[in-house]
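Bear in mind that the values here come from a model prediction, so they are computed numbers and not experimental data. By convention in this document, chain letters (A, B, ...) are assigned in the order of the sequence lines, proteins followed by strands, and residues within each chain are numbered from 1.
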There are 2 protein chains.
Amino acid sequence: MRLAELSAESGVAVATLKYYLREGLLHPGRTLSRTSADYDESHVDRVRLVRALSEVGGLSLATIEQVLEVITEPGTDRLHVLEAAQRTLVRAGARTPDGADGGSTQRVRDWIERHGWEIDPMDPFIDDLARAWEACDHAALGLDEDRMDRYAEHVEGIATVDVSTVPEDPEAAVRHVVLGTLLVDPVLVALRRLAQQHVSRRAERVGP
Amino acid sequence: MRLAELSAESGVAVATLKYYLREGLLHPGRTLSRTSADYDESHVDRVRLVRALSEVGGLSLATIEQVLEVITEPGTDRLHVLEAAQRTLVRAGARTPDGADGGSTQRVRDWIERHGWEIDPMDPFIDDLARAWEACDHAALGLDEDRMDRYAEHVEGIATVDVSTVPEDPEAAVRHVVLGTLLVDPVLVALRRLAQQHVSRRAERVGP
DNA sequence: CATCTTGGATAGTGGAACTATCTCACTAGC
DNA sequence: GCTAGTGAGATAGTTCCACTATCCAAGATG
């Protein structure tokens, strides 16, 4: 198919597709002549994935490029699947260069240990959690360790579902973990809003 | 305190604080003379909140302005606390103007009904969920209704914790719900990453 | 053959979030 | 009192990002 057809198929403007080609987000089509190239289903899929990561996942195009690099690159050996995926996710989530201060990071490490989770103490998501927790503190939301325990219990259930659905094939696994993490996040966020509605409505009916 | 002190206290550049003042994100200090104004703790808190919503929550300054408007505005009556909060959150989460197509929205409505949640069929988060779910479909992540049920079960637990921690006072409640939703999202996202690590490591030790 | 597309290259646009400069009143030190 | 320096406010400029519009030459189309 030609670029204009790819545009029609994916709903993305031709000029934008050219831009994606330039930026390396979209692999070039098979050049037929100086004025025509052939694109196939893989291009449609790719464009849709880029749009999904951008619009639903909220990632920047630069980040998307890195994500694509990892999930399309073969040669990840079986043992390091999750490791590779996590490394990608770390870079995908990188927001500000400045980390949380040492104190709040230590609080997270302590909490993890007390909670009984087996996590590498240098895991970069510890820093993310520390920053997010700290922000809740400043806003006086009363997010204490007890409430964190209760959240963690439910999140562990979610993670169990996540892990149980990872395919055997190592290459598919990296793709699944990376995309499953990035794209399911918004699903869970929306579910949380809906569940809050349901729960509070139920409480209202039962309560006063 | 003077603007320079507020800057030192909050770690935000003076020029940026001036910009926030111009944009109405920061309430003006008490003007002492043509060349000095007095800022207090409320300003420090406000700046930290803006930074938290921006850096941790990933909101745009325009959105933050709307959020601040709602949580600082008094006069929300007791009954409409959650409604007001949800309306704010809808606007806070608004990304792209185009919604999901009718089919995938209907699937979400059907799923909600089968799942037994009591949700307004016109709730705007249904559209968010539809879009996010659709994106997972395109990526072939195998997110079927069964897996959605399992996610929902755990998310309901999270929402129960959320609702149980909302304060009685209606004004405090709006603030708590809005900020608690926006700022705790990143906490849960980070927790999910860590929990995946923990769960998969545990599975590895038990399994092959 | 004349016209219309197409792919590729280059430059321009608009919005967001700052940042730098300028002016002028005020204040502190002498 | 006088001068040097600082702070507040206003204005204009910068940087980055994600596109978008224009141009051109080669090739397809009628």
Taking atom [atom2] of [N] as reference, at what distance in whole Å does atom [atom1] of [X] sit?
| X | N | atom1 | atom2 | result |
| --- | --- | --- | --- | --- |
| A:Leu3 | C:dT5 | CG | C1' | 12 Å |
| A:Asp38 | C:dT6 | CG | P | 14 Å |
| B:Glu5 | D:dG7 | CD | P | 9 Å |
| B:His43 | D:dA8 | NE2 | C1' | 14 Å |
| A:Leu21 | D:dA18 | CG | P | 17 Å |
| A:Leu17 | C:dT5 | CG | C1' | 16 Å |
| B:Arg2 | C:dA25 | CZ | P | 19 Å |
| A:Glu55 | D:dC17 | CD | C1' | 15 Å |

Determine: side-chain N/O of B:Ser36 to OP1/OP2 of C:dT27, distance under 4.0 Å, yes or no.
-> no
With sequence neighbours left out, write down each residue that passes side-chain contact (heavy atoms from CB on, under 4.5 Å) with A:Glu5, or none if nothing qualifies.
-> A:Met1, A:Arg2
Verify whether one side chain among A:Tyr151 and B:Asp162 offers a donor that lies under 3.5 Å from an acceptor in the other.
-> yes
If you measure only the distance, is there a donor-acceptor pair under 3.5 Å linking the side chains of A:His115 and A:Asp149?
-> yes
Non-neighbouring partners of B:His176 that pass ring-ring contact (aromatic ring centres under 6.0 Å, His included), sequence neighbours left out | none
Under 3.5 Å, which protein N or O atoms sit close to an N or O of nucleotides 16-24 of chain C? Give each pair with its distance.
from: C:dA17; atom 1: OP1; to: B:Leu61; atom 2: N; distance (Å): 3.2
from: C:dA17; atom 1: OP2; to: B:Leu61; atom 2: N; distance (Å): 3.4
from: C:dC18; atom 1: OP2; to: B:Tyr20; atom 2: OH; distance (Å): 3.2
from: C:dT19; atom 1: OP2; to: B:Thr16; atom 2: OG1; distance (Å): 3.4
from: C:dT19; atom 1: O4; to: B:Arg22; atom 2: NH2; distance (Å): 3.1

Checking side-chain hydrogen bond (donor to acceptor under 3.5 Å, both in side chains) for the pair B:Thr160/A:His154: CA distance, chi angles, key distance, verdict?
-> CA-CA 11 Å; B:Thr160 305; A:His154 298 298; over 6 Å; no
B:Ser200 side-chain N/O to B:Gln196 backbone N/O, donor-acceptor pair under 3.5 Å = yes
